[in-house]
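Below is one structure, written out as structure tokens; the observations come after it.
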Amino acid sequence: GQIIENKKILELPLNGRNYLQLGNLTAGAVPNTRSRDRTFSAYGNRGLQNAFLLDGARNQNYLRGLDNRARDAMRPSLEAIAEFKVQTSNFSAEYGASAGAVVNVVTKSGTNEFHGSVFEFARNSAFDARDFFTPADRDKPLYVQHQYGGALGGPIKRNRAWFMASYQRTHISEGDNVVSSVPTVDQKNGNFGSTRVYDPFTTRAN
């Protein structure tokens with residue numbers, strides 16, 4: 001297995017701020033692009049066979065990701081994670097009920113001093129290049145994405161009790177341009193005399 005610490009979690013690029021993408025750094029793990037959880041598979045096992053723990057408790061989505069394409073029931077924000085460990089083989093019996101890897105997440109706790117952070121990541125189609133398939137007479141499809149949030153931790157009673165809280169929200173406004181061919185009025189009426197029909201195998205008019 002391998003431990004991914006908070007420094008790596010915050011400094012390595014993550015599309016969508018999904019910490020599970022870093023599971024691909026573990027030996028024996030490869031990206032799992034065909035399964036609906038889109039995480040990773042370990043030593044040939046499917047991503048659906050991975051098990052997830054959050055602070056030692058089972059963190060499993062028993063709908064198997066059908067509702068949100070995620071196998072973990074709760075996915076903490078990056079600022080809330082102290083570290084997580086991916087175990088791919090030879091783990092003890094306490095990590096049963098899994099044929100794949102075991103992902104064990106440890107969340108942060110507060111300290112005797114107040115610490116916090118805020119963030120926002122934005123993407124806007126106004127700054128994007130025009131898609132190759134978008135006709136010149138059409139506007140670029142709308143795509144506006146905001147991911148924002150923060151974290152705060154500190155003492156409730158010094159040397160006795162602490163707190164740690166985090167918040168993250170993702171908001172996406174998205175549009176799409178669709179280009180398709182539709183029959184002409186003559187074609188709808190069964191008249192193909194004015195239309196050149198092409199053989200799909202030779203791409204020549206027939």
Just verifying a value: how many Å separate [X] [atom1] and [Y] [atom2], rounded to the nearest 0.5 Å?
X      : Y      : atom1 : atom2 : value
Arg130 : Lys140 : CZ    : NZ    : 7.0 Å
Ile4   : Leu12  : CD1   : CG    : 8.5 Å
Gln2   : Lys8   : CD    : NZ    : 5.5 Å
Thr107 : Met164 : OG1   : CE    : 8.5 Å
Asn24  : Ser41  : CG    : OG    : 8.5 Å
Leu54  : Ile81  : CG    : CD1   : 8.5 Å

Apply side-chain hydrogen bond (donor to acceptor under 3.5 Å, both in side chains) to [X] and list each qualifying residue two or more places apart in sequence or on a separate chain.
X      : result
Gln145 : Tyr143
Asp139 : none
Glu83  : none
Gln147 : Thr170

Any side-chain donor-acceptor pair under 3.5 Å between Glu94 and Ser92?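 Result is yes, a qualifying pair exists.
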Short question: side chain of [X], backbone of [Y] - any donor-acceptor pair under 3.5 Å?
X      : Y      : result
Asn189 : Asn191 : no
Asp72  : Asn59  : no
Asn50  : Phe40  : yes

For the hydrophobic clusters of this structure (ILVMFWY residues joined by side-chain heavy atoms under 4.5 Å, transitively), does one cluster hold both [X] and [Y]?
X      : Y      : answer
Val86  : Ile3   : no
Leu20  : Leu25  : yes
Phe114 : Ile156 : yes

Closest contact, heavy atoms only, [X] versus [Y]:
X      : Y      : answer
Arg58  : Ala51  : NH1-CB, 3.4 Å
Val105 : Pro76  : CG1-CG, 4.3 Å
Pro141 : Gly175 : CB-O, 3.5 Å

What residues join [X] in its hydrophobic cluster, counting side-chain heavy atom gaps under 4.5 Å, either direct or through other members?
X      : value
Tyr167 : Tyr148
Val182 : none
Val30  : none
Tyr43  : none

For [X], check side-chain contact (heavy atoms from CB on, under 4.5 Å) against everything at least two apart and list the hits.
X      : value
Asn104 : Leu53, Tyr95
Arg160 : Lys157
Ser109 : none
Leu14  : Gln21, Leu22, Leu78

Heavy atoms from other residues, nucleotides or ligands near [atom1] of [X] exceed 12 (cutoff 6.0 Å):
X      : atom1 : answer
Glu120 : CD    : yes
Gln187 : CD    : yes
Asn90  : CG    : no

Find out whether Met74 and Phe52 are in side-chain contact, i.e. whether some heavy atom of one side chain is under 4.5 Å from a heavy atom of the other. no
Exactly one of Leu10, Ile9, Asn6 clears side chain to side chain contact (heavy atoms under 4.5 Å, CB included) with Glu79, and that residue is Leu10
